[in-house]
Amino acid sequence: MREMVQARLGELQREYEQGRARLRELERQQRHLEDQLLRVSGAVQVLEEILARVGDADGNGHGAEPASALAESG
């Protein structure tokens with residue numbers, strides 16, 4: 001009986017450690033994804049501000065022509 005309980009305890013301890021390792025990996029991936037989203041959000045904001053300025057300068061308020069020029073150059 002004692003051996004069975006010890007064996008099960010060992011299994012559960014290994015499973016627990018595997019779960020903790022997986023959780024750490026998922027948390028690392030989450031931080032990485034949050035960083036990527038923050039960078040993309042910043043880039044979107046910058047491009048939206050550029051389009052707004054270009055649109056104001058063109059007087060059309062849309063900025064459609066500069067947007068295509070930006071897409072071709074990027």
Side-chain angles (χ1 to χ4, degrees):
M1 176 72 170
R2 182 175 178 87
E3 292 83 21
M4 285 178 32
V5 172
Q6 285 180 327
R8 182 63 178 144
L9 176 60
E11 290 172 13
L12 290 173
Q13 287 173 333
R14 283 187 295 279
E15 186 177 329
Y16 180 81
E17 286 307 316
Q18 288 173 349
R20 286 179 50 88
R22 179 70 177 133
L23 181 59
R24 285 191 301 271
E25 174 60 21
L26 290 172
E27 289 170 342
R28 186 195 64 77
Q29 289 178 1
Q30 180 181 2
R31 285 189 305 274
H32 179 71
L33 183 56
E34 288 171 344
D35 289 345
Q36 284 181 313
L37 288 172
L38 187 59
R39 285 192 296 275
V40 169
S41 174
V44 166
Q45 182 178 354
V46 167
L47 292 177
E48 287 174 341
E49 291 173 5
I50 289 171
L51 284 176
R53 288 184 196 146
V54 170
D56 290 344
D58 287 347
N60 63 14
H62 295 94
E65 293 175 22
S68 62
L70 284 174
E72 291 172 6
S73 67

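Because the structure is a prediction, the values reported are computed rather than measured.
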Stepwise side-chain hydrogen bond (donor to acceptor under 3.5 Å, both in side chains) test for Q13 and E17: CA-CA 6 Å; Q13 287 173 333; E17 286 307 316; over 6 Å; no
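Side-chain contact between E48 and V44 is present, with heavy atoms from C-beta onward closer than 4.5 Å. For the pair M4 and R8, the minimum side-chain heavy-atom distance is 4.5 Å or more.
Screening residues 26-35 for salt bridge (Lys or Arg N to Asp or Glu O under 4.0 Å) gives E25-R28 as the qualifying pairs, with residues at least two apart or on separate chains.
Atoms CG and CG, from L51 and D58 in turn, are 10.5 Å apart once rounded to the nearest 0.5 Å. How far CD of Q29 is from NE2 of H32: 9.0 Å, rounded to the nearest 0.5 Å. In this structure, the separation between CG on L38 and CD on Q36 is 11.0 Å, given to the nearest 0.5 Å.
Hydrophobic clustering keeps L37 apart from V46 (ILVMFWY residues linked when any side-chain heavy atoms are closer than 4.5 Å, directly or through intermediates).
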